[in-house]
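What follows is a set of notes on a single structure, which appears directly below.
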Amino acid sequence: KVGPKLEVVNNIVLVWTALLFAFSLLAFLYNNNWPRLGSGLVRSGRDEQREIKAPERSVNEAAARRNTAGSAVRSEKVGISGDRECTAAPEARFDCARDRTLTRGECEERGCCYGPLSGSAGPPWCFYPRSYPGYTMGPLSPTTRGQTATLTRKKPSYLPKDISSLRLEVIEETTGCLHLTLKDASSQRYEVHLPGGIPESSADNQSVFYAAEYQSDPFGFIVRRRSNGRVIMNTTVAPLLFADQYLQMSTSLASSLVSGLGEHYTSILLDLNWTSLTLWNRDMAPHADANLYGAHPFYIVQEEDGFAHGVFLLNSNAIEVMLQPTPALTWVSTGGILDLYVFLGPDPQSVIRQYLHIIGYPMMPPYWSLGFHLCRWGYTTSKTTRRVAQSMHDANFPLDVQWNDLDYANKRRVFTFDPWRFGDLPEIVDEFHQRGMKYILILDPGISSSSLPGTYPPFDDGLKRDVFIKNATGHVLIGKVWPGPTAFPDFTNPETRTWWEDCIRDFHSKVPVDGLWIDMNEPASFVQGSVEGCPDSDLENPPYTPRVVGGRLNSGTLCMSAQQKLSSHYNLHNLYGLTEAYATHSALKNIRRKRPFVLSRSSYPSIGRFSGVWTGDVRSDWEQLRFSIPAVLQFGLFGVPLVGADVCGFGGDTTEELCIRWMQLGAFYPFMRNHNDKPNAPQEPYVFGQKAQAAMRTALNLRYSLLPFLYTLFHHTHTSADTVARPLFIEFPTDPNCQSIDKQFLWGSLLLISPVLEEGAVELAAYLPRGTWYSLHDVIFTRLVLFSFLQGQPFYSGGQYLLLPAPLDIINIHVREGHIIPQQEPALTTTASRRNPFFLTVALSAGGWARGDLFWDDGESLDTFETQNYCYLIFIAGQSQIVSELVKLNGDLDGLVLGGLQVFGVPSPPRFVLANGEKVGDFTYRTDTKVIIAPLNLITGRSTLGSNSCS
């Protein structure tokens, strides 16, 4: 076909040869090179660590005043004690009465300043003076991995059970990671040991990104970025406190752009205007100012000019983090040690990689787990469960995984199924498998303790094998959850993990589930501590309790004095969900001999190695829809890429419009599950009107078409610690407009998702970073060529907000120039879609270049990357061609078809298209959007390798 007024004959040659295919696109001629991606790492020598005598006690006060974030503080000096030592600006004060409320006399008795303020509830009235006695640091001595010094306190602090002698250890883990620990010099205290351990490494002495400085009296340290001298941490701003149940360390911050410290109901950037965040795992539906299901003592700070750094406190005790507009923060832990990792980046993505190097890279999920999941508490019979799954496919909705909540269990006891309501559950699961579907059910940790002896093997056997958590008197602690009185497995005990695997194996032999959903694992209990209460002790009533829901650490959970194999529950509480996920992942791996799928509610650093996470009992309302985005993005920063919120909401009735918009957003959660509570209106996609169903179906089909790309992203996070769903500041760290955006997000580096988050909206203002972005809507390559009016429409952005149409049937998705996306024709299950034709979406840069890749294996075998049992291809467009570079090949692509190609940004119509040297007669070119669509039917597979030449 010849375009009108064509002056130059242009060709497109496309070759697909057994995974080594090449396409020659002579419809356009460009000469510029493939853009170089990524920024170079800072590489410079190390300054000698040096002692500093008198560093500034706080950050520049003028800068601090500029960062007050609108606080109405008046800097009154009237009535302030100790005038010269007590002149800190209100926003630069550090609280001397964090542990309890003090009168003026009590404050001054501590040697602190007292200065009442009017017009603000934020800054403390009792605060530390510029010089406050603390620990004195001795000389640094070399060790096999770094340096060490002894810290001594001449005079006890005001805290009970003060520890007078500490040991400082400094380890240069890598060029970008500095590791510092502070622990009792004379007595062993609990220290966190993550499952699988932490890798040991050693930095090149000449290339570290940081310089550490130490103040000897009172002790403090400063970490600077070597490349520009910027202070990353400065702990000399306030005294170090270290008592048996109260550890406190403050530091200045390099900027006010702080993210992390989850799990909380917040925006992507934390509020530093005198806020407090508590890290204490709790069964609590997401809402503001509450400690939620997970504890992640890690934060990342965006600095200037695209730099970033992060800090991780490896401590599992109850932690409170105070944020103030200095900018600064204060860590307070109720036990353990101070085990700090400082990550120098230098860019945000490098910070995440350095963090994941310490806690472990995420697991590779099974391919089917990226499909659509459907659940409800209220599928009360096997008949209902079967009908729901059938109705989804009858309405032509993709559904990969059907779930059951606790309805299936006999008397709500795990490892059983109700013989009357779910008597044919094994047969149903077999039916699902025959249809290419998977099945998952809930598995709470609480084991019913009220059954008659000999009638409930999980409890009977658990008693014999001594696997349950004990109370302070050495008897099995009994709490109360859904089945009534319950015992709680101690997953820190190796015998418990073996018993847990035995229970799963026995149940799996009857009901061959494909994955397990571990809920209620904070752990949650409906009584405080235990059915018998808790003893009156320092563990139950510590000298300081962070701001937790319920006011006590044992509220809604177990007694703090409860005993586990490794330590008391006081020390181990935040690790409970992680240890259960580790045990469950290991059990499924051993039983099924396939890639495990585990979904956990409770979380702690490194859980992404064993489990996905969902964001808990979100409400069906627009606010929760909006806040689900930063929740998902933060888990990506925490190393948990397989994450999502309950689509359409769990609590309360959804509306049709809300559910459409949530399905559109949920189609771009890395993990997508629609889940609903018992009393609510149904929210399965097929219950809504035809227009609503069409919009939801479009969103699901678009997700399914993108699964090869999404799976490739998970490969990169598993092997290289890249993020899957990422905030814009990760990809565009030098763009100040991206610093706080959390109403949009990216898949990888190239797919921009801009959902509607407001009721009644038919347009939205979306930020497009600098460059060209192409619309990607509902076009799916099938045997017929389909066109969307907006498909491939280019937007040339200088880094600006654009007002985009957003009717109810559309979610705005844009592909970044210079990238190639592998896609596949969708189907009702991934079992079917994985056999469908592939197609490529090529988004050309202004110079006519693009790049992409595809990771492909069988989708469920163990360790395919580690055992080299996979395919990996790189696609490159440029200089009139699209070619592939075959990096790794096995037989998993045999027999599949390349069904088509769409190229965005082609400036003029081609005369003809060649595929494997032969003309393609029915390609299409749109002059309005500059898009070529070429349907193909090229067979792939090792058997044809080399049978065609590349052009």
Side-chain angles (χ1 to χ4, degrees), residues 94-102 106-112 124 126-129 131-138 149-169 180-192 215 217-221 235-251 276 278-280 295 297 313-322 329-340 536-548 552-554 560-561 567-574:
F94 289 86
D95 197 347
C96 184
R98 174 58 55 183
D99 55 318
R100 63 187 180 92
T101 302
L102 301 178
E106 291 170 327
C107 174
E108 293 177 344
E109 186 178 350
R110 288 186 172 185
C112 292
C126 181
F127 57 98
Y128 295 108
S131 297
Y132 192 83
Y135 289 93
T136 300
M137 176 183 171
T150 299
L151 311 183
T152 55
R153 178 182 281 281
K154 299 176 182 177
K155 180 182 177 182
S157 73
Y158 52 80
L159 295 171
K161 299 183 181 180
D162 199 31
I163 296 174
S164 61
S165 180
L166 302 177
R167 177 180 173 88
L168 167 69
E169 294 181 1
L180 304 102
T181 63
L182 287 162
K183 57 184 72 175
D184 191 330
S186 58
S187 299
Q188 181 68 37
R189 296 173 60 80
Y190 177 72
E191 300 180 26
V192 177
Q215 177 176 282
D217 189 13
F219 168 76
F221 64 87
T235 70
T236 71
V237 295
L240 166 70
L241 299 176
F242 202 121
D244 184 42
Q245 292 181 272
Y246 189 97
L247 289 66
Q248 178 176 300
M249 175 181 284
S250 301
T251 179
S276 171
T278 297
L279 309 182
W280 188 244
L313 175 61
L314 182 55
N315 181 296
S316 61
N317 289 85
I319 293 174
E320 188 168 2
V321 184
M322 281 62 68
L329 65 74
T330 297
W331 298 97
V332 173
S333 174
T334 59
I337 66 170
L338 294 176
D339 193 355
L340 279 168
D536 185 7
S537 67
D538 288 344
L539 294 181
E540 307 296 341
N541 303 291
Y544 176 71
T545 300
R547 300 175 186 178
V548 296
R552 296 172 63 91
L553 296 182
N554 58 24
M560 296 298 99
S561 55
S567 187
S568 65
H569 195 69
Y570 180 87
N571 291 325
L572 298 173
H573 171 82
N574 279 345

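No hydrogens, no waters, no symmetry mates; every other heavy atom, side chains included, goes into these values. Note that this is a predicted model, so its numbers are computed, not measured.
Of all non-hydrogen atoms in P218 and Y132, the two that sit nearest each other are CG-O, 3.5 Å. Of all heavy-atom pairs between R153 and L240, the closest is NH2-O, 3.3 Å. In this structure, A243 and P160 approach most closely via the heavy-atom pair CB-O, 3.4 Å. Minimum interatomic distance between R100 and E106 (heavy atoms only, all atoms of both residues): NH1-OE2, 3.9 Å. Across every non-hydrogen atom of F242 and D184, the tightest pair is CZ-N, 4.3 Å.
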Practice problem: Could you check L313 against I319 for side chain to side chain contact (heavy atoms under 4.5 Å, CB included), going step by step and ending with a plain yes or no? | Solution: CA-CA 10 Å; L313 175 61; I319 293 174; 4.0 Å; yes
Quiz item: Does the side chain to side chain contact (heavy atoms under 4.5 Å, CB included) test come out yes or no for L182 and M249, once each step is laid out?
Solution: CA-CA 11 Å; L182 287 162; M249 175 181 284; 3.5 Å; yes
Practice problem: Step by step, work out the side chain to side chain contact (heavy atoms under 4.5 Å, CB included) result for N317 and N574. | Solution: CA-CA 7 Å; N317 289 85; N574 279 345; over 6 Å; no
Exercise. Please test R98 against V332 for side chain to side chain contact (heavy atoms under 4.5 Å, CB included), starting from the C-alpha separation and ending with a verdict.
Key: CA-CA 9 Å; R98 174 58 55 183; V332 173; 4.2 Å; yes
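To the nearest 0.5 angstrom, R547 atom CZ is 8.0 Å from M322 atom CE. Between D339 atom CG and K183 atom NZ the span is 7.0 Å, to the nearest 0.5 Å. Interatomic distance, OG of S333 versus OH of Y246, reported as 10.5 Å (0.5 Å rounding). We find the CZ-OG distance between R167 and S186 to be 12.0 Å, quoted to the nearest 0.5 Å. Taken to the nearest 0.5 Å, the CG atom of L151 stands 5.5 Å off from the CG atom of L166. Rounding to the nearest 0.5 angstrom, the gap separating the CZ atom in F221 from the CG atom in L180 is 5.0 Å.
In this structure, E320 contributes its side chain and T278 its backbone to no donor-acceptor pair below 3.5 Å. Between the side chain of N315 and the main chain of G335, a donor-acceptor pair closer than 3.5 Å is present. Judged purely by atom type and a 3.5 angstrom limit, Q215 has no side-chain atom pairing as donor or acceptor with the backbone of T236. Remark: side-chain polar atoms of S316 are paired, donor with acceptor, to backbone N or O of N571 under 3.5 angstrom.
Here H569 pairs with H573 under the ring pair (Phe, Tyr, Trp, His ring centres under 6.0 Å) rule; sequence neighbours left out. Remark: T545 pairs with P542, V548, L553 by the side-chain contact (heavy atoms from CB on, under 4.5 Å) rule, at least two apart or across chains.
The closest side-chain heavy-atom distance from Y544 to L159 is not below 4.5 Å. Between Q245 and L539, some side-chain heavy-atom pair lies under the 4.5 Å cut-off. Side-chain contact between D95 and T330 is absent, with no heavy-atom pair separated by less than 4.5 Å.
Residues D536 and N541 bring a donor and an acceptor atom of their side chains to less than 3.5 Å of each other. There is a side-chain donor-acceptor pair under 3.5 Å between D162 and S157.
Using cut-offs of 30° and 60° on the angle between ring planes, the pair Y128 and Y158 is parallel.
Under the 2.5 Å SG-SG cutoff, C112 and C96 qualify as a close cysteine pair.
Pairs engaging residues 235-244 under the salt bridge (charged side-chain N to carboxylate O under 4.0 Å, His left out) rule: R189-D244 [sequence neighbours left out].
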